[in-house]
Protein chains: 2
Amino acid sequence: MGFEGADPGTVRPGGRTARVRSAVLQAAGDALAEHGFAHLDLADIARRAEVGKTTVYRRWGTVTSLVADLLLDMAEQSLPRTETGSLLGDLKANARLVQRTLADPRQGALFKAVIAAATCEAKTAEALHRFYDIRVKEWAPCVQQAVDRGEVPEGTDVHEVIRAVSAPLYYRLLTSSDCLDAAAADQAAEAAVAAARAGAYLRGDEGRA
Amino acid sequence: MGFEGADPGTVRPGGRTARVRSAVLQAAGDALAEHGFAHLDLADIARRAEVGKTTVYRRWGTVTSLVADLLLDMAEQSLPRTETGSLLGDLKANARLVQRTLADPRQGALFKAVIAAATCEAKTAEALHRFYDIRVKEWAPCVQQAVDRGEVPEGTDVHEVIRAVSAPLYYRLLTSSDCLDAAAADQAAEAAVAAARAGAYLRGDEGRA
DNA sequence: CCCATAACGGGACTCCAGTTTCGTTAATCA
DNA sequence: TGATTAACGAAACTGGAGTCCCGTTATGGG
């Protein structure tokens with residue numbers, strides 16, 4: 001009697017278990033980037049990771065659940081942001097980073113696949129949301145600095161400004177066949193700055209026109 | 001001899017064939033909205049549509065291919081846009097329309113599923129891109145009118161302004177758990193107008209800051 | 001109205017994604 | 001360092017998604 005063991009991987013997370021996890025997550029990323037989310041099978045991932053397929057099924061069970069764990073892993077690896085001294089410079093740096101990531105064949109495909117997976121299961125969606133919350137929080141300070149400098153009105157929702165930079169890039173990635181170039185990134189940053197200056201992102205009551 | 005018949009449904013598209021197609025597309029929409037893109041099986045769709053599953057497999061074959069056809073169908077049904085006389089008014093109307101659609105449980109889930117499907121197959125992605133091209137083209141004239149009025153600088157990429165309205169709403173739908181309310185719609189419209197006025201969407205060379 | 005055949009539909013069949021079983025390896029603790 | 005057992009992995013198994021076969025329905029052309 002007593003408790004049935006908790007999920008596998010939680011009691012002895014060291015050594016082999018950790019090695020298996022990172023090998024599987026690596027393989028999952030590769031497979032997602034290659035085949036996309038739909039045509040994905042866990043046995044293939046197990047083969048790539050040189051791990052028994054039983055193990056993959058036992059620890060993750062479903063593709064979406066594996067993607068959720070992958071997102072947890074991705075959220076932990078954060079690139080430090082650059083600081084240029086001006087809001088436009090900082091946001092352009094951010095936009096270029098996003099643009100380069102999404103335009104990269106492997107990373108771009110991976111992000112598409114991860115977003116697709118998140119639309120299919122609440123738990124995976126939650127992991128994706130957490131991932132973006134972290135990224136947004138990392139970059140928000142540069143907008144706060146602009147507020148402090150007086151470049152942008154007091155009361156601006158700084159997180160929303162960061163999201164405004166990424167949004168058009170993701171929208172283009174998903175809904176159009178246009179290429180994601182540096183010009184698109186710069187445009188996204190410029191638009192966000194212009195809108196922020198005009199008070200479009202004032203928190204609480206909706207700003208004036 | 002001669003040609004093997006073209007794809008089923010093209011030679012005798014009337015009567016039964018058309019009835020089957022619309023029943024299946026309807027059922028596909030329901031199933032996508034309910035189960036999401038991942039846990040979808042064509043036999044279930046056939047059952048809902050009261051159609052033989054052989055038929056569904058013969059005419060569409062895969063889920064992504066069926067979604068591509070669904071998108072073709074969705075693209076044909078267009079709502080006429082409203083005209084308010086001001087750019088902000090028109091874009092707010094557009095933003096509210098998008099927001100209401102995405103916030104609606106069935107439609108929102110359907111759009112998520114359709115986007116997920118498009119990330120998995122080129123043909124489906126193309127259908128999705130065409131769908132959005134049509135929607136954008138439908139609304140672009142209101143921006144053009146604003147250019148003519150002098151509300152927005154000459155040389156503005158009018159399609160990009162329309163996309164700028166939708167982008168943050170889709171970005172929020174996919175990457176956050178925040179609710180999509182009317183305030184979000186208005187903010188999207190206001191930001192797009194502010195950025196457009198500031199010349200952030202000038203075509204060709206990247207605009208000034 | 002009638003014929004030729006496109007398209008549909010039921011049911012049997014296949015094949016592989018996902019499960020179960022049980023023996024092996026190695027992480028943790030004393 | 002050795003005992004305990006969590007976690008792994010090979011192989012056999014199973015259910016249902018997707019295919020195939022062939023008889024039936026009804027469209028479109030003459």
Side-chain angles (χ1 to χ4, degrees), chain A residues 1-28 31-32 34-69 113 117 120-121 124, chain B residues 1-28 31-32 34-69 117 120-121:
Chain A
M1 61 222 59
F3 298 93
E4 298 297 306
D7 324 57
T10 56
V11 180
R12 286 180 186 177
R16 181 167 59 169
T17 298
R19 234 157 25 238
V20 165
R21 176 169 183 256
S22 75
V24 169
L25 293 185
Q26 172 72 42
L32 280 175
E34 250 176 66
H35 303 319
F37 166 66
H39 319 281
L40 200 60
D41 100 86
L42 297 189
D44 175 55
I45 291 177
R47 222 172 301 124
R48 288 171 188 252
E50 296 180 305
V51 151
K53 81 167 177 168
T54 313
T55 300
V56 177
Y57 279 106
R58 184 170 30 232
R59 285 190 58 183
W60 292 281
T62 67
V63 174
T64 50
S65 174
L66 177 54
V67 172
D69 197 28
C120 298
E121 199 161 82
T124 311
Chain B
M1 64 219 59
F3 298 93
E4 298 297 309
D7 324 57
T10 56
V11 179
R12 284 181 188 174
R16 181 167 59 169
T17 299
R19 234 156 27 237
V20 165
R21 177 169 182 255
S22 77
V24 169
L25 292 185
Q26 172 71 43
L32 279 174
E34 249 176 66
H35 303 319
F37 166 66
H39 319 282
L40 201 58
D41 100 86
L42 297 191
D44 174 54
I45 291 176
R47 222 171 303 125
R48 288 170 188 254
E50 297 181 304
V51 150
K53 81 169 175 167
T54 314
T55 300
V56 177
Y57 278 106
R58 186 173 29 234
R59 286 190 59 184
W60 292 280
T62 67
V63 175
T64 51
S65 174
L66 177 55
V67 172
D69 197 28
C120 297
E121 198 161 81

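In what follows, chains are A, B, ... by sequence order, proteins preceding strands, each numbered from 1. These values consider heavy atoms only, across backbone and side chains, with no hydrogens, waters or symmetry-generated copies. Quick caveat, the model's predicted, so the values are computed rather than measured.
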Measure from [atom1] on [X] to [atom2] on [N] and round the result to the nearest Å.
| X | N | atom1 | atom2 | result |
| --- | --- | --- | --- | --- |
| Y57(B) | dA7(C) | OH | C1' | 18 Å |
| D41(A) | dC15(C) | CG | C1' | 13 Å |
| E50(B) | dG10(C) | CD | P | 11 Å |

Query - Inter-axis angle, terminal five-pair segments of the helix from dC1(C)-dG30(D) to dA30(C)-dT1(D) [nearest 10°] - result: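 Axis angle across the helix from dC1(C)-dG30(D) to dA30(C)-dT1(D), nearest 10°: 60°.
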
Requested in this report: State the NE2-CG distance between H39(B) and L32(B), to the nearest 0.5 angstrom.
Outcome: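 Those atoms lie 12.0 Å apart.
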
Which part of the nucleic acid, if any, lies within contact of [X], taking any heavy atom under 4.0 Å across all strands shown: a base, the sugar-phosphate backbone alone, or nothing?
| X | result |
| --- | --- |
| G9(B) | sugar-phosphate |
| R59(B) | sugar-phosphate |
| T10(B) | sugar-phosphate |

Query raised in the report: Starting at the 5' end of DNA chain D, which residue's closest nucleotide do you reach first, V63(B) or T54(A)?
Result: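 Looking at DNA chain D, the more 5' nearest nucleotide goes with T54(A).
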
Report task. Examine the base of dG18(C) for any acceptor or donor lying under 3.5 Å from a partner atom in the side chain of K53(A), and report the outcome as yes or no. Result ->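 Indeed, a donor on one side and an acceptor on the other fall under 3.5 Å apart.
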
**Report entry** Under 4.0 Å protein heavy-atom contact, by nucleotide of nucleotides 23-30 of chain C - B base, S sugar-phosphate only
**Finding:** --BBBS--

Report task. Determine, stepwise, if the pair V20(A) / R59(A) fulfils side chain to side chain contact (heavy atoms under 4.5 Å, CB included). Result -> CA-CA 10 Å; V20(A) 165; R59(A) 285 190 58 183; 4.0 Å; yes

Requested in this report: Keeping the roles fixed (side chain from T17(B), backbone from G9(B)), state whether a donor-acceptor pair exists under 3.5 Å.
Outcome: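 Between the backbone of G9(B) and the side chain of T17(B) there is no qualifying donor-acceptor contact (under 3.5 Å).
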
Query raised in the report: Of all nucleotides in DNA chain D with an atom under 4.0 Å from a non-hydrogen atom of chain B, which is the first and which the last going 5' to 3'?
Result: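 The protein-touched segment is dA17(D) to dG28(D).
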
